[in-house]
Engineer: 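Provided herewith is a single structure, encoded as structure tokens, for subsequent inquiry.
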Amino acid sequence: LHMGHALNGSMQDALVRMNRMRGRNTLWILGTDHAGIATQAKVEQEVRAEGKTRQGLGREAFVERVWEWKEKYGSQIIEQYKRLGASCDYERERFTLDEGYVRAVHKVFKQLYDKGYIYRDNYMVNWDPGTRSAISDLEVENKDVDDFLFYIDYPIEDSDEVLTVATVRPETMIGDTAIAVNPVDERYKHLIGKHAILPLAGRRLPIHGDDDVEIGFGTGALKITPGHDIKDFEFGRKLGLPEIVVIGPDGRMNKEAGDYEGQTVAEAQKAIVEDLRAEGVLRKEEPYTHSVPFSHRSGERIEPLISLQWFCRMDELARPAMTVVEADEVDIQPDQWSRVYLNWLEEIRPWCISRQLWWGHQIPVWYCDPCNETIVAENAPERCGQCGGELRQEEDVLDTWFSSALWPFATLGWPDDTPELRAFYPTSFLTTAREILFLWVARMVMTGLEFPGDIPFRDVYVHSVIQARDGRRMSKSLGTGIDPLEEIDERGADALRFGLLAMSSTQDVRYSDAKVEQGSDLANKLYNASRLILLNAAEVEPAPRTAHVEDRWLLSRLEKTIGSVTERLEAYDFAHAVQECYAFVYNDLCDWYLEIVKPRLYEGEEDVSATLLYALERVLALLHPTMPFVTEEIWAYHPARDGHLVVHAFPEADTSLIDEDAEEDVAGAIALTRSLRAWRDMVGVPAKAVLPAVVDGIAPSEFVGRLSRFAFDGVGSQPVASVGPVRVLASEALDAEAVEARLGGRRKELRSEIDRAERKLGNEGFVAKAPVAVVEEERGKLDRYRRELKELEGG
RNA sequence: GGGCGCGUAGCUCAGUGGGAGAGCGCUCGCUUCACACGCGAGAGGUCGCUGGUUCGAAACCAGCCGUGCCCACCA
């Protein structure tokens, strides 16, 4: 399980839990693909460590070994998902090589073959010498490599002229079969139709004219090696050139390469360059940086090779897959990824689906050698239908993604018409990393539309990439990976889930320990606040009680939070959803409400008890989708508990409890409390001193004095300062100089604010064009500042 | 070569037209009977640069600089 899985799981689980709690019929199937290349390589390594080889074991025994390996390790990731708290339907776990799944794969293969989409061809593919298999375009990764560009003179037949060509791969020149120049190139057009002689090999190379040759690049003359370069291959097919292959599947020169046979590509390059130099035809060599394909699987340099492979044409499948995204039937978010998806499908090319491996779905094709028949069937045929002879099954297996592409319906029982398929297809939601968009998502859409005949999912959310702490890619080979399980051990699954959701975003982000820490802090806070509530509340039914203004305030804040968090989750805005939960629990509930009502709570007063139990129940349920463990644990102690929280109702915002007046009143009292605290801190009053004061006008709420340590029953002394309506009286705890310094500071602040507001209101454009409410607000502020300043100067 | 992002407080990131925000870190004060994984109060930002649009720009437009990712058969 890597961090991407953990993020993905946290998002999906939040949605699944929320919807399950809402009473909806939810299904989350977890499963694994057989990861053909990676798994086979792993087991092959084991076998080699025992001094044996895959070939020595034979196909059947080797595949048996891989199954053993799979039984041993395949369940690990499932167990890890459980530790994360993913509430999947674990008894429905699926694997892409399950019996039923194989049926789906065969049926799809056969139907695509019958439609003419799947075909076999001798064509140029990305050959991975590391795995000795063809791989698809999507498994190729281009990297910049520092090479040399070699300029080689090819003599023109029956002439003293030479034609200089440039190449980065002289080792393939033995396979040259032509040269091309641009027909409008003045330097060379007289050579078109003549022949050049291939150095070292002596082959006659016809010189062709072709518009695709760039006059300005290299020397403007292009040597054509149809066996070893994709562009040359296409040239060759267009011009009907012979295709000479000089490098074998093992990455070594073959017998076509003559003297160089058996050498590795690198050795052959060195030798050939030496020989060219000896012949005096190597005109120059210069350093050259260019983009080179590497295998994403083995890391080795791709060798473009002509070989007999199975392909799937994609045009017909791609078109409807584009339409559904254009029409937003499949909604890819954030939106920019729709365009990436569409651009890719627009330029899609045939997909090489065969792999020269043993682990995977062996292609359901049988050959009859005597009568040259090819049979494609869902089930293995007994004998050749023509001659009754023995059949030989195609040895290659399918690209793992070919079977993964069927996941949304194959896991629900397709091709059978199952209740699961009817109930849950099309599915609602898929989260994915963006590197999976083409490999998997696009292909699921294509097969979904082609086979069950409907989109596989409605919403696709492309989540951010969590990078390592230093901004590099998290990768095992770089050693930058962070193990989610270690994080779970250290801080808990809830903390990790909260942290990942909080740090996720539409852009790529660095892994943030602080966010995970914030998650564990929140769990801790919830636990302690719950303890306070559950140990002190009177035995009453949880219910919202509205007799006290602070209770109305809390309930109003709570219901607004519920509404907002729910909206955020529905919009897949997980980061804001969890941060709002955090802010509510910390600020509204703990810092203010609990502190305000403590005296009432300790007395076991019923209104506050009922309100708190009610609020706690709703907060636990609201947080459960993101922090399932701690909320479930606390729930076990809640008096309203009936069964498990995981199946308790998710709260729905009760707008009748929203009370703007109460919010305004309490917000005012809170602001005053904060001003008083700030004032005494600024003036340097001992923390415990209770300061005497009197209040102008209506007395503030009881808690203002309690939480700021002021006694508003002021006796005797002179007022020395004003904080809002509060006149602070002289006392031993007050230092006159500090008070004066503080007042001076405030006066300065006010003058600057008044200046700013006056300038703004003096701007005719502002007053004339800005919305009335904005202007009015500004006037209000100016008035308040002027009044306060006047008071301070007067006092 | 084409495309898509990003550049905001010491760090990691929110914020998309009306007086700069969060978490962490930092400073000061608190062992206050839920929590020191805590409480209270603060400091800290010419919002990459330059122009433009607007009464008003971190946000919109253009250019530049820096940085990341994806796609691509220029030998």
Side-chain angles (χ1 to χ4, degrees), chain A residues 124 137-138 142 149 165-169 180 212-214 216-225 229-235 288 290-291 293 304 334 336-337 339-340 343-344 347 349 434-435 437-438 465 467 469 471-473 491 495 499 502-515 517-536 575-576 579 582-583 586 590-591 594-595 598 601-602 673-674 677-682 684-688 707-709 753 756-757 760 763-771 773-775 777-778 781:
Chain A
M124 177 152 284
D137 296 341
L138 288 178
N142 290 294
L149 191 56
V165 300
T167 179
V168 284
R169 301 205 62 194
D212 283 348
V213 178
E214 261 187 62
F217 192 88
T219 61
L222 172 65
K223 72 185 199 61
I224 300 181
T225 320
D229 181 280
I230 298 166
K231 188 169 184 177
D232 290 6
F233 174 78
E234 281 166 9
F235 261 120
Y288 183 64
H290 64 146
S291 172
Q336 75 241 32
W337 299 107
R339 258 173 302 143
V340 173
N343 289 343
W344 183 69
E347 301 190 3
R349 286 180 301 160
R434 43 179 157 292
E435 73 258 25
L437 199 57
F438 307 143
V465 174
Q467 302 166 330
R469 293 179 249 259
R472 284 189 295 169
R473 229 187 152 66
R491 274 114 156 211
M503 73 184 87
S504 76
S505 138
T506 54
Q507 67 164 312
D508 295 349
V509 289
R510 299 178 184 206
Y511 186 79
S512 163
D513 296 283
K515 287 285 194 297
E517 194 71 50
Q518 204 182 341
S520 72
D521 288 350
L522 177 58
N524 183 254
K525 196 74 172 171
L526 265 181
Y527 184 85
N528 284 302
S530 301
R531 189 162 69 178
L532 173 69
I533 295 166
L534 296 173
L535 290 179
N536 291 285
H576 289 103
Q579 309 255 35
Y582 178 93
Y586 262 75
C590 294
D591 290 349
L594 287 178
E595 293 304 330
K598 263 181 188 172
L601 184 61
Y602 289 144
T673 307
R674 298 189 58 135
R677 284 169 170 174
W679 185 88
R680 51 181 296 153
D681 219 59
M682 198 69 79
V685 185
K688 283 182 175 164
L707 298 182
S708 61
R709 291 178 188 265
E753 288 303 313
R756 188 197 56 76
K760 193 159 186 178
N763 180 338
E764 280 173 34
F766 174 74
V767 178
K769 295 186 182 175
V774 175
V775 178
E777 202 188 322
E778 201 60 40
K781 282 180 204 160

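The sequence lines fix the lettering, A, B, ..., with proteins before strands; numbering per chain opens at 1.
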Engineer: Which is it for A:Lys515 and A:Gln579 under the side chain to side chain contact (heavy atoms under 4.5 Å, CB included) test, yes or no, and what are the steps along the way?
Structural biologist: CA-CA 10 Å; A:Lys515 287 285 194 297; A:Gln579 309 255 35; 3.6 Å; yes
Engineer: Nearest whole Å is fine: how far is B:C33 P from A:Asn536 CG?
Structural biologist: 13 Å
Engineer: Give me, pair by pair, the N or O atoms of the protein and of nucleotides 70-74 of chain B that are less than 3.5 Å apart, along with how far apart they are.
Structural biologist:
residue, atom, partner, partner atom, Å
B:C73, OP1, A:Arg349, NH1, 3.4
B:C73, OP1, A:Arg349, NH2, 3.0
B:C73, N3, A:Glu234, OE1, 3.4
B:C73, N4, A:Glu234, OE1, 3.3
B:C74, O2, A:Glu214, OE2, 3.4

Engineer: Could you tell me how far B:A43 sits from B:G3 if I compare only their P atoms? Round to whole Å.
Structural biologist: 47 Å
Engineer: Which part of the nucleic acid does A:Val465 contact within heavy-atom distance under 4.0 Å: base, sugar-phosphate only, or nothing?
Structural biologist: nothing
Engineer: What residues, two or more places apart in sequence or in another chain, satisfy salt bridge (Lys or Arg N to Asp or Glu O under 4.0 Å) together with A:Glu778?
Structural biologist: A:Arg756, A:Lys781
Engineer: Within this structure, what is the CZ-to-P distance between A:Arg491 and B:C24, rounded to whole angstrom?
Structural biologist: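 Taking CZ of A:Arg491 and P of B:C24, I get 13 Å after rounding.
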Engineer: Rounding to an integer number of Å, can you tell me how far A:Lys515 NZ sits from B:C11 C1'?
Structural biologist: 11 Å
Engineer: Take the protein atom CG of A:Leu532 and the nucleotide atom C1' of B:A34, then report the distance between them rounded to whole Å.
Structural biologist: 5 Å
Engineer: Once side chain to side chain contact (heavy atoms under 4.5 Å, CB included) is applied, do any residues pair with A:Pro686, and if so which ones, sequence neighbours excluded?
Structural biologist: A:Ala689, A:Ala733
Engineer: With a 3.5 Å distance limit and no angle check, can you tell me whether A:Asp681 reaches the backbone of A:Arg677 through a side-chain donor-acceptor pair?
Structural biologist: no
Engineer: For B:A34, does either OP1 or OP2 sit under 4.0 Å from a side-chain N or O belonging to A:Lys598?
Structural biologist: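 For B:A34, OP1 or OP2 has a side-chain N or O of A:Lys598 closer than 4.0 Å.
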Engineer: Write down the distance between CZ (A:Arg469) and P (B:G10), rounded to a whole number of angstrom.
Structural biologist: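 After rounding, the reported distance stands at 22 Å.
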Engineer: Using atom C1' of each nucleotide, how far apart are B:U53 and B:C61 to the nearest Å?
Structural biologist: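 My reading of the C1' atoms in B:U53 and B:C61 gives 7 Å.
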Engineer: Measure from CD on A:Gln467 to P on B:C6 and round the result to the nearest Å.
Structural biologist: 14 Å
Engineer: Using side chain to side chain contact (heavy atoms under 4.5 Å, CB included) as the criterion, list what pairs up with A:Asn343, not counting sequence neighbours.
Structural biologist: none
Engineer: Partners of A:Arg469 by side chain to side chain contact (heavy atoms under 4.5 Å, CB included), sequence neighbours excluded?
Structural biologist: A:Ile482, A:Tyr511, A:Asp513
Engineer: Please work out whether the ring planes of A:His290 and A:Tyr288 are parallel, tilted or perpendicular, with thresholds of 30° and 60°.
Structural biologist: tilted
Engineer: What integer number of Å spans the C1' atoms of B:A14 and B:A72?
Structural biologist: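 Approximately 35 Å lies between the C1' atom of B:A14 and that of B:A72.
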Engineer: Determine, for nucleotides 36-47 of chain B in 5'-to-3' order, which nucleotides have protein heavy atoms under 4.0 Å from the base (write B), from only the sugar-phosphate (write S), or from neither (write -).
Structural biologist: -BSSBSS-----
Engineer: Does A:Thr219 put a side-chain nitrogen or oxygen below 4.0 Å from OP1 or OP2 of B:A75?
Structural biologist: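 No, because none of the side-chain N or O atoms of A:Thr219 sits under 4.0 Å from OP1 or OP2 of B:A75.
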Engineer: So what's B:G7 paired with, Watson-Crick or G-U wobble, going by both distances under 3.5 Å?
Structural biologist: B:C65
Engineer: With heavy atoms under 4.0 Å as the rule, sort A:Lys781 into base, sugar-phosphate or nothing.
Structural biologist: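 Contact class for A:Lys781: base.
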Engineer: Using the C1' atom in both, what is the distance from B:C26 to B:C64, to the nearest Å?
Structural biologist: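 It comes out at 36 Å once rounded to the nearest Å.
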Engineer: How would you list, by chain and number, every residue that makes a side-chain hydrogen bond (donor to acceptor under 3.5 Å, both in side chains) with A:Arg674, sequence neighbours excluded?
Structural biologist: none
Engineer: P atom, B:G48 versus B:G42: distance in rounded Å?
Structural biologist: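 Comparing P positions in B:G48 and B:G42 gives a spacing of 28 Å.
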Engineer: For A:Glu595, which residues count as a salt bridge (Lys or Arg N to Asp or Glu O under 4.0 Å) partner, sequence neighbours excluded?
Structural biologist: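 Result, salt bridge (Lys or Arg N to Asp or Glu O under 4.0 Å) vs A:Glu595: A:Lys598.
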Engineer: Return the CD1 to CD distance between A:Ile224 and A:Glu234, rounded to the nearest 0.5 Å.
Structural biologist: 12.0 Å
Engineer: Could you give the distance separating B:G21 and B:A58 at their P atoms, to the nearest angstrom?
Structural biologist: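 The same atom, P, in both gives a distance of 14 Å.
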Engineer: Can you name the residues that form a ring-ring contact (aromatic ring centres under 6.0 Å, His included) with A:Phe766, not counting sequence neighbours?
Structural biologist: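 None.
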Engineer: For B:G42, give the paired nucleotide (Watson-Crick: N1-N3 plus N6-O4 or O6-N4; G-U: N1-O2 and O6-N3; both under 3.5 Å), or none.
Structural biologist: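 Across any shown strand, B:G42 pairs with B:C26.
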Engineer: Please classify the nucleic acid contact of A:Pro304 as base, sugar-phosphate, or nothing, using heavy-atom distances under 4.0 Å.
Structural biologist: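 The residue A:Pro304 makes no contact with any strand.
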Engineer: Can you tell me how far P in B:A22 sits from the matching atom in B:U32, rounded to whole Å?
Structural biologist: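 The answer is 28 Å between these two P atoms.
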Engineer: Checking all strands, does A:Arg709 fall into the base, sugar-phosphate, or nothing category for heavy-atom contacts under 4.0 angstrom?
Structural biologist: base
Engineer: Between B:C49 and B:G7, how far apart are the two C1' atoms, rounded to whole Å?
Structural biologist: 11 Å
